[in-house]
Number of protein chains: 2
Amino acid sequence: MDPPQRLRDDDADAVFRALADGTRRDILRRTLTGPQSISALAGRYEMSFAAVQKHVTVLDRCGLVEKQRFGKEQLVSARVERIAQASGLLAEFERLWRYRVGRIDLLLDGEPSERASEEHPSTHPSTDP
Amino acid sequence: MDPPQRLRDDDADAVFRALADGTRRDILRRTLTGPQSISALAGRYEMSFAAVQKHVTVLDRCGLVEKQRFGKEQLVSARVERIAQASGLLAEFERLWRYRVGRIDLLLDGEPSERASEEHPSTHPSTDP
DNA sequence: CGTTCGTGCAACCATTTGGTTGTACGTTAG
DNA sequence: CTAACGTACAACCAAATGGTTGCACGAACG
């Protein structure tokens, strides 16, 4: 439906780095099922409030969550489209790999192992200096 | 087809951290379309050979690529199933979100916006200390 | 044989990360 | 008004990251 738009390279750095921490992934899980105040989140973990706050900031700055003031509380909720973008980047990788398999099948002739050619990947590696 | 097995939490840390670098993602793209020797890879980037070697080591230690000796060369190739595992983790996140939407629809009664309930996510957040 | 190539690894360095404590400020409850 | 709560932010610290240079070693080529 909505074309999820591709992640720019710097954004990909930030998003994957944000995902590379267990606490942050956990925060993301919680805020995916409903908005959570920062202090409610902080109560869940052993570490200090400030530490959790920092994790939320990291998630916020790369767009994986958004904060919304509600009186004195700040509600954190996950932005699923950002997750979808990261997911999409990995899907491109997988497509690239399937393309390779397709070429191998072609090279070995015979019959393709499983209709693996599908289509040329529209996204070139192309990061060629 | 092949049940891709879920990423353990430490592995997820390592895999996402490895993905959080543009050079490493680029190496991954290149090795997805075919094995590359380390020095061939190193020739592609501005940085020193040792730096590229380190990036390959990072990718290797988290399982995103594998190295295979071939005479004096070491061929690096991507392991797509590892990418699929990371992809799968993100897919779980998205499922979690759809489940939330389902509950909201339920709460607001009316008719579900788009058959959004699908199924209860079998993977609990459950990381409750 | 010696030389070159591809690799592995250690030492070093600047910057970032993930945590701490402490302080300050606006909002809500008594 | 005062007290308590939720948040923001700065200063500080240990450890990890991402890069460098330099050296050692085995394989292949002349």
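Chain letters run A, B, ... following the sequence lines, proteins first and then strands; every chain starts at 1.
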To the nearest angstrom, the NZ-P distance between B:Lys72 and D:dA27 comes to 11 Å
Take atom NE2 of A:His55 and atom C1' of D:dA8, then tell me their distance rounded to the nearest Å. 17 Å
Checking D:dT21, C:dT20, D:dA8 against the side chain of A:Phe49 (C-beta onward), the nearest is D:dA8
Gap between atoms CD and C1', on A:Gln53 and C:dG22 respectively (whole Å): 13 Å
Residue pair A:Arg17/A:Gln74 against DNA chain D: nearer the 5' end by closest nucleotide is A:Gln74
Of A:Ala51 and A:Phe70, whose closest DNA chain C nucleotide lies nearer the 5' terminus? A:Ala51
Return the nearest nucleotide to the side chain of A:Met47; candidates are C:dG19, C:dC9, D:dG19. C:dG19
To the nearest Å, how far apart are A:Arg69 CZ and C:dT28 C1'? 12 Å
Under 4.0 angstrom, heavy atoms only, what part of the nucleic acid is B:Ala42 near: base, sugar-phosphate, or nothing? nothing
Nearest listed nucleotide, side chain of B:Ser48, among D:dT21, D:dA11, C:dT21: D:dT21
A:Asp21 CG - C:dT16 C1' separation (whole Å): 14 Å
For B:Val15 and B:Ala86, which heavy atoms make the closest approach, and how far apart are they? CG1-CB, 4.0 Å
Trace of the side-chain contact (heavy atoms from CB on, under 4.5 Å) decision for A:Val58 with A:Arg24: CA-CA 9 Å; A:Val58 170; A:Arg24 285 196 291 261; 3.8 Å; yes
Between CD of A:Gln68 and P of D:dG6 the distance, given in whole Å, is 18 Å
Is the shortest distance from a Lys or Arg side-chain nitrogen in B:Arg6 or B:Glu92 to a carboxylate oxygen in the other one below 4.0 Å? yes
Have a look at A:Ser39 and say if it touches a base, only the backbone sugar-phosphate, or nothing, with a 4.0 Å heavy-atom cut-off. sugar-phosphate
Separation of atom NZ in B:Lys54 from atom C1' in C:dC9, rounded to whole Å: 10 Å
For DNA chain C, whose closest nucleotide is more 5', that of A:Ala50 or that of B:Lys67? B:Lys67
Run through A:Arg44, A:Met47, A:Glu46 and flag the one making a side chain to side chain contact (heavy atoms under 4.5 Å, CB included) with A:Val52. A:Met47
What integer distance in Å separates A:Ile27:CD1 from C:dG18:C1'? 12 Å
Looking at C:dA11, C:dT7, D:dT7, which one has an atom nearest to any side-chain atom of B:Glu73? C:dT7
The side chain of A:Ile38 lies closest to which of these nucleotides: D:dA8, C:dG19, C:dT7? D:dA8
Salt bridge check, B:Asp9 against A:Arg25: does any charged N sit closer than 4.0 Å to a carboxylate O? yes
